[in-house]
Amino acid sequence: MQHAQRPTWPHKDLLDVTQLTRAELFHLLDTAAQFHDINRRPVKKVPTLKGKSVVLFFAEPSTRTKTSFDVAGKRLSADTFSLAKSGSSLSKGESLKDTALTLQAMTPDIIVIRHSSSGAAQFLAERLDCSVVNAGDGWHAHPTQALLDCYSLRQVWGDTFEGRTLLILGDIAHSRVARSNVHLLSSLGVKVRLCAPRTLLPAGVHNWPVTIFNRLDDAVQGVDAVMCLRLQLERQQAGLLPDLREYAQRFCLSPRHLAMAAPGARVLHPGPMNRGLEISSVLADAPESLILDQVAAGVATRMAILFLLATRTGIEQTADNGGRA
Amino acid sequence: MTATTSPSLFLRNARLLGRMVDVAVADGRIASVTDSGAGCTPAGTDAGSGAAPAGAESIDAKGMVLFPALIDAHTHMREPGQEYKEDIASGLAAAAHGGFGAVLCMANTKPVNDDASITRDMIDTARRHWPHGPRLHPIGAATVGLKGTELAPLAELAEAGCVAFSNDGAPVPDTEMFRRCVEYAADQGKVVIDHCEDPYLAKGAHMNEGETSGRIGVKGQPDIGEALHVARDILLADYLKLPIHLAHISCRRSVELIAWAKQRGVPVTAETCPHYLLLTDKELLGYDTKAKVNPPLRTDDDVAALREAVQSGVIDILATDHAPHAAHEKETPLDEAPNGITGLDTAVALTWGLVREGVLTEADLIRLWATEPGRIFGLPVNGFNVGDPADFFLLDPEEKWVPSRGTMHSKSLNTPFLGKELVGRVKALWLGGVKVV
């Protein structure tokens, strides 16, 4: 054991993965790994954030992310409070600013926000003294999802991200998960491919650090992992797709496709899944699937995020793993 | 003016298009313009004396630039109906301090200006608050309630004082209906102003569609949404041989179509706004709602095209599209914020910045902000010829100032230039020879 060190965590908020340096990212992942161990114990609770309060402000429907943050907070002994749009003054026409200021007056330590408007988390962070965690804002960013995806892949790949190939498949245009993952994983040297019909690709995507495909058979060749994205069924009503059956025939990931990937290729999905539409049911449950590992990783990663923001210090690391990045 | 009228104002040593001039005013009109030091030569005074005529107020304008009072062909005064954003008195205050002698105001008030009584009330309100100007010229709704389905009473609106017609903010998608607006307005000797926007391509959009919108995850509208309707209007104007004025043009594709139309002699005219000559959609990278405007800020390439177009005359005029919104309306996430930038307070400083940059000349400013708007909408302009209306302002070309609550006169401060240092400030405005500010 070398000298212990307790680095400071420089960020008040977590709004996007773009704000993290490589060293900060690996420190966060290392911290998550330590919390992951707590989640495997018989007694899954530590007093680390006792007396801290975390508001879960989900102005958009969510099951797994909200529950994941709730579990993460409780396992660190923080008090968590939930607020949904339907139960808040937002549904009575109150502005986001006024709702947030009202919440702040109750002096939480952290507000976790999900909102349908891109930039909503930044909007709050600029106005509030407490920490703000972006749990998904519009089509913009979902940093905690990208971090847990990265954590999940690290469990398989170790620290050898450089040179790996990841395919992100599905509705890229409307996906905050895709945007955050493209940035995070490409910054680690992962070669990112995108595959979607042109109607589901965002403007300017040709300037992103990605390779673009519109045929899944081509896109999946030799990849080390495939990340399927949920297809929102209203995309058909919006005229972006002719027919869900046609979409499924061309873009639903199946065992046949995975056979074209690199040996040992893994499958990810941020959930919730439409089985048979963007991912075949058999593949979702296959050994190659990391989908449930992602859920477990989500709790650990969010514990790390809450811890780092609430204490603004790093967890004690050895010089070896603390300086990994 | 009679030959025996005595000058009431004598402005000395002002810079007008590079000349140093003395200007005499009598009976609200220009009585003479002479090179400084040469003496004034109005009728009834001693030529070549170099001194102010007896009884005239004398003002030394040394170091100041003299401009004719400007015309803003595109504003939103918000009265009646949304006076918490702006009212006619505050809007005209912003206009006066911005060097404007006349403003045209759009019809999207509440209620909509589709009734002559509303038009008359707006004009009366303006006269009551600003008896000497700036002058308010309402633009009537082209269709009832701006709904795009039924012609507004354009003749009655014209008789009440509307100088043009527009559905600005709620473009008429029905081309047959729009055609009838143009034809019926022409019978009144008026032009229709069109906000060019394809309603389908623009649906649900909050900014320009492009690399920035893709990056920050915001639905954008492509520039072809504007250009498609520009093309429609050009073909319609060509077919009807009737004028159509294209509002707040924002992109290269539109500029190229307008250039083509003008080469063919199609009677279209067009405007753009200072912000389209200065800003791009990158202003929205941090979700700054103050930079949310419709049409949206575009790209560097569009800015370059628009700058060339205002230099060459493909774009005929500048206008502010002054669109005030209260602070609480803009202090929201981007997709909840209304579109609009205030412009009357800052327009001259922003375009003077383009002169300092070498993009425009002083003569361009006069053409773009006064002469051409006057021609298109049939309003008087001071050309500094004897007998012209004595409508002019002095600009301190070096004064630095920062747009803020203390320096702006609009009720609303929704401009991305808030807090940024500008150079060039209006120091005084005379309208009809009367000092207004």
Side-chain angles (χ1 to χ4, degrees), chain A residues 15-16 18-19 59-60 90 93-101 113-127 134 136-143 171-180 182-183 194 196 200-210 212 234 238-240, chain B residues 84 198-225 251 253 280-292 296-302 325-339 414 416 418-419:
Chain A
L15 303 179
D16 196 356
T18 55
Q19 73 187 76
E60 201 182 53
L90 278 178
E94 186 174 69
S95 72
L96 179 61
K97 178 192 169 190
D98 287 334
T99 302
L101 291 176
I113 180 175
R114 169 167 290 186
H115 199 279
S116 58
S117 299
S118 296
Q122 180 181 324
F123 176 85
L124 281 198
E126 287 168 354
R127 287 160 179 81
N134 183 4
D137 62 329
W139 306 341
H140 170 231
H142 197 345
D171 183 359
I172 314 293
H174 307 95
S175 175
R176 52 197 173 212
V177 175
R179 282 178 178 78
S180 288
V182 165
H183 182 90
L194 304 179
L200 296 181
L201 288 172
V205 70
H206 293 279
N207 293 316
W208 293 13
V210 297
I212 297 161
E234 62 266 31
L240 298 170
Chain B
Y84 67 98
D198 180 283
Y200 303 103
L201 286 170
K203 188 178 177 184
H206 303 288
M207 63 181 299
N208 180 52
E209 180 177 285
E211 193 171 346
T212 303
S213 68
R215 184 169 155 194
I216 68 171
V218 173
K219 181 162 170 52
Q221 57 165 286
D223 58 359
I224 56 164
C251 63
R253 289 183 209 276
T280 69
D281 58 3
K282 290 189 175 64
E283 292 289 316
L284 293 151
L285 277 172
Y287 302 99
D288 182 3
T289 59
K290 291 195 296 299
K292 184 180 178 185
L297 300 174
R298 305 284 189 188
T299 66
D300 287 323
D301 183 57
D302 295 306
H325 293 292
H328 71 271
E329 293 172 314
K330 283 284 195 177
E331 198 172 2
T332 68
L334 185 68
D335 57 4
E336 294 176 14
N339 290 302
N414 50 299
L418 193 71

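Letters go in sequence order (proteins before strands), and every chain restarts at 1. For the numbers below, each heavy atom of this structure counts, side chains included, while hydrogens, waters and symmetry mates do not.
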Contacting region of A:Arg176 [heavy-atom separation from chain B under 4.5 Å]: neither
Contact leader toward chain B among A:Gly138, A:Ser175, A:Ala203, where contacts are heavy-atom pairs under 4.5 Å: A:Ala203
Residue, of A:Ala141, A:Pro202, A:Gly119, A:Ala173, that accumulates the most heavy atom pairs under 4.5 Å with chain B: A:Gly119
Distance in Å, B:Thr212 OG1 paired with A:Asn207 CG, rounded so as to fall on 0.5 Å steps: 10.0 Å
Inter-residue atom distance A:Asp137.CG - B:Asp335.CG, 0.5 Å rounding: 10.0 Å
Smallest separation among heavy atoms of B:Pro333 and A:His115, with atom names: CG-CE1, 4.4 Å
Shortest non-hydrogen separation from A:Ser117 to B:Glu336 and the atoms involved: OG-OE2, 3.8 Å
Steps toward side-chain contact (heavy atoms from CB on, under 4.5 Å) verdict (B:Glu331, A:Ser95): CA-CA 9 Å; B:Glu331 198 172 2; A:Ser95 72; over 6 Å; no
A:His140/B:Arg215 under side-chain contact (heavy atoms from CB on, under 4.5 Å): CA gap, chis, key distance, verdict: CA-CA 7 Å; A:His140 170 231; B:Arg215 184 169 155 194; over 6 Å; no
Which atoms of B:Lys219 approach chain A - backbone, side chain, both or neither, heavy atom under 4.5 Å: both
Worked verdict on A:Ser118 versus B:Ile216 for side-chain contact (heavy atoms from CB on, under 4.5 Å): CA-CA 7 Å; A:Ser118 296; B:Ile216 68 171; 5.9 Å; no
Heavy-atom neighbours of B:Tyr84 OH exceed 12 at 6.0 Å: yes
